[in-house]
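One structure is given here, and the rest of the page talks about it.
Chain letters run A, B, ... following the sequence lines, proteins first, then strands; residues in each count from 1. What's counted below: heavy atoms across the whole structure, side chains too, no hydrogens, waters or symmetry copies.
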Amino acid sequence: MTIRRLLRYLQPHRKRLVLALVVLLLATGGDVAGPVLVKVFIDDYLTPGIFDPEPITLLAGTYLLLLFLSVGLLYYQEFLFHRIALRVIQQLRIDVFSKVQHLGLSFFDRTPGGGLISRITNDTEAVKELFVRVLSTFVQNIAMVVGILAAMFLLDAKWAFFCLMLIPLILGVMQMYRRFSYPVYRRVRHQLGRLNAHLSESIQGMNVIQVLRQQNRMRREFEHINGEHYEAHMKNTKLNGWLLRPAVDLISLVALMIVLSFFGVDGGESAVRIGVLYAFLNLLDRMFEPFNQMMQQLSFLQQSLVSAGRVFELLDEEETAPAQSGKENPRIREGRIVFDRVTFSYDGQTDVLKDISFTVEPGQTVALVGHTGSGKSSIVNLLMRFYPLQKGDITIDGYSLSAYSDEELRRRMGLVLQDPFLFTGNVKENIRLGRESISDDDIAEAARFVQAEPFIKKLPRGYDEPVGERGTTFSSGQRQLLSFARTIAFKPKILVLDEATAHVDTETEDKIQEALSRMRKGRTTIAIAHRLSTVRDADRILVLHRGEIVEQGTHQELLAREGLYQKMYRLQQGLTEEVESFGGVVQ
Amino acid sequence: MRVFRDLWWFFKRERQSYGWGVFLLFLVALLELFPPYVVRVVVDESIQGTLTSGRLWMWMGWLLAAGLAMYGLRFIWRVLIFGASHRLARLLRRQLYQHYTRLSPSFYYRRRTGDLMAHATNDIQAVQVTAGDGVLTFVDSLVLGGLVVFSMAVFISWKLTLIALLPMPLMAMAVGQYGKLLHKRFLAAQAAFSDINNKVQENISGVRVVKAFGREEAEKRSFRKQSDDVVHKNIAVAKVESLFEPTISLIAGLSFFLAVAFGSGYVVNQELTIGQLTQFTIYLGQLIWPMLAFGFLFNIMQRGRASYDRIRSLLRVQPDIVDREGALKTIPDGDIRYEIQTFTYPESDQPVLREIRATVGKGETLGIVGRTGSGKTTLFKLLLREFEPVDGTVRIGGKPVTEYRLSALRQTVGYVPQDHFLFSATIAENIAFGRPQASREKVEEAAKLACVHEDILQLEQGYDTVVGERGVTLSGGQKQRISIARALLLDPEILLLDDSLSAVDARTEERILEALRNHRRNRTTLICAHRLSGIEHADQILVLEDGGIAERGTHTQLLKQEGWYAWMYRRQQLESLIEQGGGGNDDSQVAPLSSTTP
């Protein structure tokens with residue numbers, strides 16, 4: 001099943017594959033023809049003692065020509081097979097990567113990232129080995145064996161027939177090796193995995209090991225695994241010793257005995273058959289090397305098939321991201337958001353949102369407050385269409401969320417995440433994020449708007465300043481500002497904010513606050529609020545608790561209730577005074 | 001050759017395996033000369049008509065015996081030589097691991113895990129190949145090659161041998177060259193692969209950004225581009241790799257051509273029999289492998305030498321922190337006293353601490369606060385003796401920490417680091433990491449103190465749930481609390497909590513601190529925190545700024561000082577109010593505010 005599916009990847013390359021096969025056959029033919037030519041020379045000229053320069057020169061010329069030709073073709077076909085295999089794997093990789101791009105967030109929630117990465121890279125790499133080896137080693141070597149056998153039959157059918165009898169013997173040894181080596185090989189891999197895991201974990205947790213004085217215990221544990229790994233390796237070496245090269249060498253000697261016996265028994269006429277003997281011995285020499293090579297690949301082969309199975313499993317994953325339904329293609333013009341009796345659950349058991357209804361008028365800011373697990377993030381996740389709706393409806397400008405195309409949603413709704421994730425590349429690319437329609441001017445404008453330009457200008461290479469892995473060279477405040485610029489670059493109608501909880505230094509904090517309030521202006525905003533300024537400026541505040549809205553109203557309305565808000569307001573004023581008297585720290 | 005000299009100590013140590021192994025290899029090489037000889041005898045006697053069936057079967061019998069003998073001997077030398085090379089790998093791995101456990105934390109700040117792993121895997125592998133395949137190819141190409149050439153020259157014709165061997169050195173040279181080229185291109189291909197690996201890693205960790213900005217197509221495009229790069233680099237490898245076989249075919253073909261062409265001449269001149277010529281060509285076939293091996297040998301040795309040098313230089317790294325001569329075995333106890341003029345990390349010129357003078361009485365709790373980078377963690381590192389200050393001392397019970405044995409110091413200090421690290425083991429094993437023989441009751445007691453007991457019971461397999469890299473993923477707060485439980489189980493005299501409650505919510509934090517206060521009476525606790533609520537109850541609080549002490553006192557005193565501490569405290573109070581948004585308490589929907597307002 002897996003093999004058939006893998007072979008389907010060869011479809012687009014069939015022309016090149018046929019070419020490679022033809023070249024392979026020609027090369028093999030040329031290769032095998034060499035000994036046959038020598039046989040003709042020995043039997044027809046050398047033994048009878050006929051030395052006609054013309055045909056001998058012709059023979060020699062043909063031999064050399066065929067040699068050079070077959071060597072060239074041999075190289076070409078080997079290269080062709082490699083290239084096909086590499087292209088096939090590239091396609092497989094692109095397919096699996098593309099597939100992952102369209103999986104829903106719920107899939108990522110339940111799949112550990114490490115395993116996923118390993119499927120896209122390591123498992124496909126293992127399949128690459130399979131393709132390179134199956135294609136090159138097996139196809140070539142089978143062609144070689146067939147070619148040699150054909151040449152043998154041409155030379156002497158009886159001898160060839162008896163040599164052919166040895167093939168089942170070799171296949172038997174191969175089968176036996178396959179059977180025995182698989183568990184042994186798996187054990188070696190398993191022990192190696194354990195060894196590496198223990199080692200990498202020890203290196204990472206060395207301070208814990210040392211502080212807790214467990215060095216001796218960890219050494220003992222490592223030594224135990226080290227020993228088991230050694231045992232597994234020894235077993236593998238012994239198995240290879242019994243069944244690989246030494247066994248094939250023995251069989252090849254038996255083949256020599258068969259040919260020699262026939263030669264000797266034929267006795268009288270043998271004088272004229274020295275050339276055939278020469279050719280046979282030469283061909284036999286070459287016939288067994290392919291088997292050696294194929295047998296060495298057997299254990300890899302099975303390992304690769306397991307990997308291929310895992311890759312296909314991922315390709316068959318059905319948990320795709322929610323997509324557009326219907327063909328209306330509405331546009332977001334106003335940015336009026338309505339949540340209508342929305343109930344939602346991640347696991348189908350506990351509802352994280354219960355019957356949530358609210359409306360955000362165009363240009364309004366709604367702040368969501370509540371502790372962890374109250375449902376704030378789930379509202380954002382649903383609004384961004386990261387998860388499919390289960391009950392109730394969300395509409396924007398009167399159209400159901402599902403009616404919009406992905407492009408329209410991503411264009412008109414700007415999300416600012418708590419963790420400002422930066423990609424490897426440069427500053428400009430991190431603002432553009434692959435959206436080709438954003439010009440360099442748009443990028444500069446966006447950066448100016450969120451006041452990120454001053455610090456970008458100070459970078460040695462400005463907008464082209466490289467961003468390393470995860471943007472660790474930038475401070476968290478700078479990363480925030482860059483992520484604002486990236487959101488604002490598309491001039492979204494709706495802003496979805498997940499404010500950061502982390503404390504950055506106060507100077508940057510002020511800049512961030514200012515940028516946020518500028519961004520909110522004229523845009524419908526839904527914010528998970530951690531900052532006082534956002535809450536104070538909000539047109540409405542929704543207080544969430546365990547998936548329900550327990551309190552809502554404007555800042556003023558909530559203040560009038562003499563509850564939480566009055567208290568906060570008083571504290572707020574107290575803080576402002578302190579801030580003024582403690583100016584040095586703030587500014 | 002140098003790598004063999006460097007590894008000589010091991011060959012000497014395994015002289016049984018290598019001695020017998022090489023001897024058997026030699027025997028096999030001798031036996032391999034036999035079949036071509038039989039071919040010659042059979043051919044010549046058959047032409048002369050002297051070959052009887054009795055003689056034929058006798059020769060066949062000898063051949064079979066030689067074949068079986070070779071089979072057995074080949075098996076034995078493999079086990080001997082390859083087995084020894086596996087033992088070398090095992091030994092080096094053990095040495096390296098033990099060395100790793102001895103090195104100081106400063107070493108681990110300097111070196112990346114990936115590199116240290118590479119030394120213990122790839123480099124050891126390369127040395128193992130040198131001690132196994134390297135020795136084999138060395139002996140094989142010299143012994144087998146030498147014997148074959150010797151037989152050809154002495155028993156058949158030295159002239160023909162010279163002529164036929166003319167192209168052979170070319171092969172050894174070409175193979176050596178290809179190997180070098182291949183290695184270089186292979187490294188480039190590996191680098192491209194690791195780039196694409198990073199790309200995928202980034203894509204998966206940034207999946208929310210990818211989705212929120214509709215970056216899927218752009219990601220696919222850039223992935224396609226990178227995978228193209230991988231293909232190109234691999235095709236460059238394939239170009240060289242595909243050269244090996246055709247080159248062998250070419251050189252071997254030329255050799256055979258020369259042998260037959262000139263050999264025929266000698267047959268005609270009756271310097272050779274046809275049987276001898278056939279024997280000669282078989283020998284020629286047997287020479288291909290030793291020649292190839294000779295080419296490979298240089299690459300194997302080169303790589304092995306580079307790898308072995310890296311391993312040795314790693315093993316030579318001395319731990320920065322070692323026990324002084326006559327260090328005290330007694331377990332440190334008593335007041336902790338910091339007297340530090342300045343402290344600067346090695347390889348840096350910015351001092352991270354200056355003018356730190358503070359005493360923590362036995363049984364007291366010290367709180368340390370300040371911005372990121374103000375030097376809080378460094379104070380802990382000095383107490384743990386991960387680094388040694390040049391200008392100043394840290395004392396416990398009046399004696400500098402440097403005068404105690406490291407093991408004694410570690411016995412008294414429990415440390416919960418900032419970056420909580422759990423091992424791939426069960427939760428119970430993780431909590432009992434410092435005392436593996438601890439009973440389940442002790443483990444649960446520690447977990448209860450760290451307020452993680454209920455969380456653990458919620459898991460399907462409870463305390464037997466496997467966590468860590470290859471197990472169940474826990475939340476940051478749960479991991480932090482398990483690390484705390486791990487330290488509490490040892491009940492240390494001095495406990496250091498390095499921002500260990502940052503991912504725990506405020507109410508749980510309060511419960512843990514309460515439990516600590518009750519449980520750790522008369523024992524010293526040092527807490528550093530971002531959230532001030534975590535150190536409110538400390539006997540003494542230090543506010544660090546730029547490595548110096550900016551404010552000090554109790555919570556009440558500091559609030560009165562109206563400095564950074566007071567300002568930060570109010571601000572955090574406010575923020576936690578907003579964050580909890582009135583839903584912070586389970587009993588009522590609006591949070592009661594009075595209790596937390598100063």
- All heavy atoms of Ala218(B) vs all of Gly434(A), minimum pair found to be CB-CA, 3.7 Å
- Given that the side chain runs from C-beta out, which part of Leu103(B) has a heavy atom under 4.5 Å from chain A: side chain, backbone, both or neither? backbone
- Task: Counting only heavy atoms closer than 4.5 Å, note whether Leu281(A) contacts chain B via side chain, backbone, both or neither.
- Result: side chain
- So what's closer than 4.5 Å to chain A heavy atoms on Leu73(B): side chain, backbone, both or neither? neither
- Message: Under 4.5 Å from any heavy atom of chain B, what part of Leu46(A) do you find: side chain, backbone, both or neither?
- Response: side chain
- Message: Closer than 3.5 angstrom, by distance alone: can the side chain of Tyr75(A) be matched with the main-chain N or O of Glu245(B) as a donor-acceptor pair?
- Response: no
- Task: Tell me, out of Trp59(B), Phe75(B), Tyr415(B), who's got the most heavy-atom pairs with chain A below 4.5 Å.
- Result: Phe75(B)
- Answer with side chain, backbone, both or neither: which region of Trp77(B) has an atom nearer than 4.5 Å to a non-hydrogen atom of chain A? neither
- Message: Tell me whether Arg224(B) at atom CZ has more than 12 heavy atoms from other residues, nucleotides or ligands lying less than 6.0 Å away.
- Response: no
- Message: Please classify the contact between Arg219(A) and chain B as side chain, backbone, both or neither, with a heavy-atom cut-off of under 4.5 Å.
- Response: both
- Honestly, the part of Thr487(A) sitting under 4.5 Å from a heavy atom of chain B is both
- Message: When you measure from the side chain of Tyr100(B) to the backbone of Ser202(A), do you find a donor-acceptor pair of N or O atoms at a distance under 3.5 Å?
- Response: no
- Message: Less than 4.5 Å to any heavy atom of chain B: does that hold for the side chain of Phe386(A), its backbone, both, or neither?
- Response: side chain
- Calculate, to the nearest 0.5 Å, the distance between atoms CE and CZ belonging to Met206(A) and Phe107(B) respectively. 9.5 Å
- Lys/Arg-Asp/Glu bridge criterion (N-O < 4.0 Å) met for Asp406(A), Lys211(B): no
- Going by the angle between their ring planes, with limits at 30° and 60°, are Phe223(B) and Phe97(A) parallel, tilted or perpendicular? parallel
- Message: What's the separation between atom CD in Gln201(B) and atom CD1 in Ile117(A), rounded to the nearest 0.5 Å?
- Response: 4.0 Å
- Message: Quick check on Phe79(A) against chain B: is it the side chain, the backbone, both or neither that has a heavy atom closer than 4.5 Å?
- Response: both
- So Leu64(B) and Met257(A), side-chain contact (heavy atoms from CB on, under 4.5 Å) or not? Walk me through it. CA-CA 8 Å; Leu64(B) 188 64; Met257(A) 287 164 57; 3.8 Å; yes
- Item | Interface moiety of Tyr108(B) toward chain A, non-hydrogen atoms closer than 4.5 Å | side chain
- Message: Using the rule given for side-chain contact (heavy atoms from CB on, under 4.5 Å), can you reason through Arg486(A) versus Val209(B), listing the C-alpha separation, both sets of side-chain angles and the distance that settles it, and then say yes or no?
- Response: CA-CA 10 Å; Arg486(A) 130 201 317 177; Val209(B) 184; 3.5 Å; yes
- Message: Please classify the contact between Tyr45(A) and chain B as side chain, backbone, both or neither, with a heavy-atom cut-off of under 4.5 Å.
- Response: neither
- Item | Heavy-atom contact with chain B under 4.5 Å, split by part of Leu433(A) | both
- Query: Between atom OG of Ser227(B) and atom CD of Gln90(A), what is the distance when rounded to the nearest 0.5 Å?
  - Reply: 3.5 Å
- When rounded to the nearest 0.5 angstrom, what is the spacing between CH2 in Trp242(A) and CZ in Arg78(B)? 12.0 Å
- Task: Name the region of Arg217(A), side chain, backbone, both or neither, that has any atom closer than 4.5 Å to a heavy atom of chain B.
- Result: side chain
- Query: Should we say atom NZ of Lys238(A) is surrounded by more than 12 heavy atoms from elsewhere, each under 6.0 Å from it?
  - Reply: no
- For the pair Asp249(A) and Tyr71(B), evaluate side-chain contact (heavy atoms from CB on, under 4.5 Å) and give the outcome as yes or no after the intermediate values. CA-CA 8 Å; Asp249(A) 281 346; Tyr71(B) 180 57; over 6 Å; no
- Message: I'd like to know if the side chain of Asn207(A) reaches the main chain of Pro105(B), judged simply by a donor and an acceptor atom lying under 3.5 Å from each other, with no hydrogens or angles considered.
- Response: no
- Can you list the steps and then say if Leu86(A) with Val230(B) is a side-chain contact (heavy atoms from CB on, under 4.5 Å)? CA-CA 9 Å; Leu86(A) 288 169; Val230(B) 172; over 6 Å; no
- Message: Using a 3.5 Å distance criterion without hydrogens, assess whether the side chain of Glu201(A) forms a donor-acceptor pair with backbone atoms of Phe423(B).
- Response: no
- Query: Does any N or O in the side chain of Gln210(A) come within less than 3.5 Å of the main-chain N or O of Thr101(B), such that one atom is a donor and the other an acceptor?
  - Reply: yes
- Item | Residues Asp285(A) and Gln286(B): side-chain donor-acceptor under 3.5 angstrom | no
- So which part of Ile89(A) gets closer than 4.5 Å to some heavy atom of chain B, the side chain, the backbone, both or neither? neither
- Most heavy-atom pairs under 4.5 Å with chain B, out of Leu277(A), Val38(A), Leu64(A), Asp31(A), belong to Leu64(A)
- Item | Residue, of Asn282(A), Leu415(A), Asn226(A), that accumulates the most heavy atom pairs under 4.5 Å with chain B | Asn226(A)
- Message: Is Phe490(A) in contact with chain B via its backbone, its side chain, both, or neither, using a 4.5 Å heavy-atom distance?
- Response: neither
- Is it the side chain or the backbone of Leu56(B) that comes within 4.5 Å of chain A heavy atoms, both, or neither? side chain
- Item | Side chain, backbone, both or neither of Ser53(B) within contact of chain A (heavy atoms, under 4.5 Å) | neither
- Query: Could you state the interatomic distance from CG (Leu192(A)) to OG1 (Thr121(B)), rounded to the nearest 0.5 Å?
  - Reply: 8.5 Å
- Message: What's the separation between atom CG in Leu74(A) and atom CZ in Phe244(B), rounded to the nearest 0.5 Å?
- Response: 14.0 Å
- Message: If I measure from the heavy atoms of chain B, does Val211(A) come under 4.5 Å with its side chain, its backbone, both, or neither?
- Response: both
- Query: Quick one: of Thr278(B), Leu116(B), Leu51(B), Val231(B), who has the most non-hydrogen atom pairs under 4.5 Å with chain A?
  - Reply: Val231(B)
- Task: Determine, for Arg435(A) against Glu217(B), whether the closest basic-nitrogen to carboxylate-oxygen distance falls under 4.0 angstrom.
- Result: no
- Task: Taking Arg486(B) for its side chain and Val208(A) for its backbone only, find out whether a donor-acceptor pair lies under 3.5 Å.
- Result: no
- Leu406(B) portion near chain A, given a 4.5 angstrom heavy-atom threshold: neither
- Task: Please check if atom CD in Gln91(A) has more than 12 non-hydrogen atoms from other residues, nucleotides or ligands closer than 6.0 Å.
- Result: yes
- Message: Assess, by modelled atom type and distance only, whether the side chains of His229(A) and Arg93(B) contain a donor and an acceptor separated by less than 3.5 Å.
- Response: yes
- Who wins among Glu386(B), Arg87(B), His86(B), Arg74(B) for the most heavy-atom pairs under 4.5 Å with chain A? His86(B)
- Item | Met60(B) side chain near Leu260(A) side chain, heavy-atom distance below 4.5 Å | yes
- Query: Measuring heavy-atom distances to chain A, does Leu63(B) have an atom under 4.5 Å in its side chain, in its backbone, in both, or in neither?
  - Reply: both
- Message: Over 60° means perpendicular and under 30° means parallel, so tell me whether Tyr97(B) and His198(A) are parallel, tilted or perpendicular.
- Response: tilted
- Part of Asn196(A) within contact of chain B (heavy atom distance under 4.5 Å): both
- Let me know if Arg221(B) has heavy atoms under 4.5 Å from chain A in its side chain, its backbone, both or neither. side chain
- Query: By a 4.5 Å heavy-atom criterion (distance strictly below it), what part of Ala27(A) contacts chain B: side chain, backbone, both, or neither?
  - Reply: neither
- Message: Shorter than 4.5 Å, heavy atoms on both sides: which option in Met413(A), His102(A), Arg245(A) has the most such pairs with chain B?
- Response: His102(A)
